[in-house]
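Each remark here refers to the structure printed beneath this line.
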Amino acid sequence: MAPFRAKRQAETGLWSEGKIENAQRHLDYLLYTPVWLARKPALIVLLHGCRQTAAEFAHATEMARFAALHGYLLCLPQQNLTANPLRCWNWFDPRNQGTAGEAGLIMKVRDELATEHDIAPSRVFVAGLSAGGSMAAILGRAFPQQIGAIGVHSGVPTGAATTITGAMHAMETGDAGDKGPGPTRTIVFHGDDDDVVASANGDRIAFAQAQGRGRRFRIRQRSGRRFVIRPKGDHAPAEYWQIADLGHAWSGGQSGGSYADPLGPNASREMLRFFLGYPRWRYPIVHAWLAFLSIFR
């Protein structure tokens, strides 16, 4: 893992490093533990994209800030350079598209942390960007009983490719793969100006997920950035944000961060709101209240 100094600050909690391994390889990860844990804690597993480290992705998404407010754990596994020289998760390899391979190794981290902190399966959430988003989709489909919800940002549908050549084609065209994440609740973010992973991939993931349950989307416009969202229900099975003029970057991320666009809407906030099942109108109130309480912790 790239050098990362664990340190404790009263305002932010503790960053530490961990490692999990199986017979084939090991996987390093960063773990963020807030100053206080909620009575019913949750675990957010955040998967970086290509050419990123776990630390860079943590900075870009600012997900630790939201985890701190809620009292949740945040885990960021990091791909090994020996497994992929660009640090991409190998989502296109059939060995990683089920319960084994990299998917199984990530879930081994999830199982260890969930057991240690007594976290219910419905309180485990997985999100990722690009290759990390593609891996999140795989995990949602392969482990529906162990994951409460997933967030796929600029990712590719499961089964869209089985080779590197096929992966490049799927990323560029978005005309392959029609497997949604199964029964796992899913929120999708994708920029319509993404020149690395075509936005048609986001369409395929979201609509496969919604239509598989007989659901429909409707389009809304807000702040000049378009998004598509399922209109009713606090626990919608799918939600799709297609962001106008957004490239291959985390929407609402830290300015200057790796593959991050600060303009928003804020994908970290909206994903956590979706994971927890809050209506869009209620979560800002919850967020403000938690921020106020944090002053006294």
Side-chain angles (χ1 to χ4, degrees), residues 1-4 17-31 45-61 63 74-110 112 126-143 150-174 176-177 179 181 190 194-198 201-202 205 247-250 253 257-260:
M1 174 171 283
F4 187 89
E17 296 178 355
K19 177 185 293 186
I20 199 81
E21 56 187 352
N22 59 21
Q24 289 75 42
R25 54 172 287 193
H26 75 275
L27 188 67
D28 296 316
Y29 63 88
L30 292 181
L31 178 64
V45 180
L46 202 58
L47 303 174
H48 63 78
C50 299
R51 303 178 186 273
Q52 282 184 316
T53 65
E56 288 170 345
F57 195 43
H59 172 73
T61 62
M63 189 68 82
L74 173 64
C75 175
L76 292 100
Q78 180 169 284
Q79 176 65 296
N80 297 332
L81 289 173
T82 53
N84 188 295
L86 298 180
R87 289 200 191 279
C88 304
W89 300 102
N90 295 303
W91 56 269
F92 50 83
D93 188 332
R95 295 173 297 180
N96 300 321
Q97 293 177 358
T99 58
E102 291 179 358
L105 196 56
I106 293 170
M107 287 302 292
K108 191 173 181 180
V109 177
R110 169 253 180 247
E112 183 178 274
V126 182
L129 173 69
S130 193
S134 304
M135 184 56 72
I138 289 172
L139 293 172
R141 187 175 183 84
F143 300 94
I150 64 170
V152 181
H153 201 312
S154 311
V156 176
T158 301
T162 57
T163 64
I164 294 178
T165 301
M168 296 302 296
H169 175 79
M171 290 166 60
E172 292 172 358
T173 65
K179 295 180 181 179
H190 216 117
D194 192 328
D195 61 358
V196 177
V197 179
N201 286 290
I205 297 171
H248 194 65
W250 189 269
S258 173
Y259 294 99

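Position 1 is the first residue of the sequence; numbering continues from there.
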Only one of L129, V126, L76 forms a side-chain contact (heavy atoms from CB on, under 4.5 Å) with L46, so which one is it? L76
For a quick test of reading the model, state the closest non-hydrogen atom pair linking A167 to A161 and the distance between them. N-CB, 3.3 Å
Inter-residue atom distance L105.CG - Q79.CD, 0.5 Å rounding: 9.0 Å
Heavy-atom check, side chain of L30 versus side chain of E17, under 4.5 Å: yes
Heavy-atom count around L86 CG within 6.0 Å, excluding the residue itself: above 12? yes
Please list, chain by chain and in numerical order, all residues satisfying ring pair (Phe, Tyr, Trp, His ring centres under 6.0 Å) with H153, sequence neighbours excluded. F189, W250
Can you give me the closest heavy-atom contact between G151 and A136, atom names plus distance? O-CB, 3.9 Å
With side chains defined as the heavy atoms from C-beta onward, is the minimum distance between L139 and M107 less than 4.5 Å? yes
For R51, check salt bridge (charged side-chain N to carboxylate O under 4.0 Å, His left out) against everything at least two apart and list the hits. none
Shortest non-hydrogen separation from A176 to P157 and the atoms involved: O-CG, 3.9 Å
Just so I know, are the side chains of V45 and P77 near enough to count as touching, which here means a heavy-atom distance under 4.5 Å? yes
To the nearest 0.5 Å, how far apart are OG in S134 and CH2 in W89? 12.5 Å
Can you list the steps and then say if V197 with E172 is a side-chain contact (heavy atoms from CB on, under 4.5 Å)? CA-CA 6 Å; V197 179; E172 292 172 358; over 6 Å; no
Is it true that a side-chain atom of N201 and a backbone atom of S154 form a donor plus acceptor pair closer than 3.5 Å? no
CZ on R95 to OG1 on T162, rounded to 0.5 Å: 12.0 Å
Does H169 have any side-chain contact (heavy atoms from CB on, under 4.5 Å) partners at least two apart in sequence or in another chain, and if so, which? T173, D175
Side chain to side chain, I20 and E112, heavy atoms closer than 4.5 Å: yes
Min side-chain heavy-atom separation R87-H48 under 4.5 Å: yes
With sequence neighbours left out, write down each residue that passes side-chain hydrogen bond (donor to acceptor under 3.5 Å, both in side chains) with T61, or none if nothing qualifies. none
H190 NE2 to I205 CD1 distance, which is reported to the nearest 0.5 Å: 8.0 Å
Set of residues satisfying side-chain hydrogen bond (donor to acceptor under 3.5 Å, both in side chains) with respect to N90, sequence neighbours excluded: N84, E102
With heavy-atom distances below 4.5 Å as the criterion, would you say the side chains of Q78 and Y29 are in contact? no
Partners passing side-chain hydrogen bond (donor to acceptor under 3.5 Å, both in side chains) against H248 (at least two apart in sequence or in another chain): S130, D194
Is there a side-chain contact between I138 and N96 in this structure, where contact means two heavy atoms from C-beta onward sitting under 4.5 Å apart? no
Out of V109, L47, I106, which one pairs with C75 under the side-chain contact (heavy atoms from CB on, under 4.5 Å) rule? V109
Calculate, to the nearest 0.5 Å, the distance between atoms CG and NZ belonging to L27 and K19 respectively. 10.0 Å
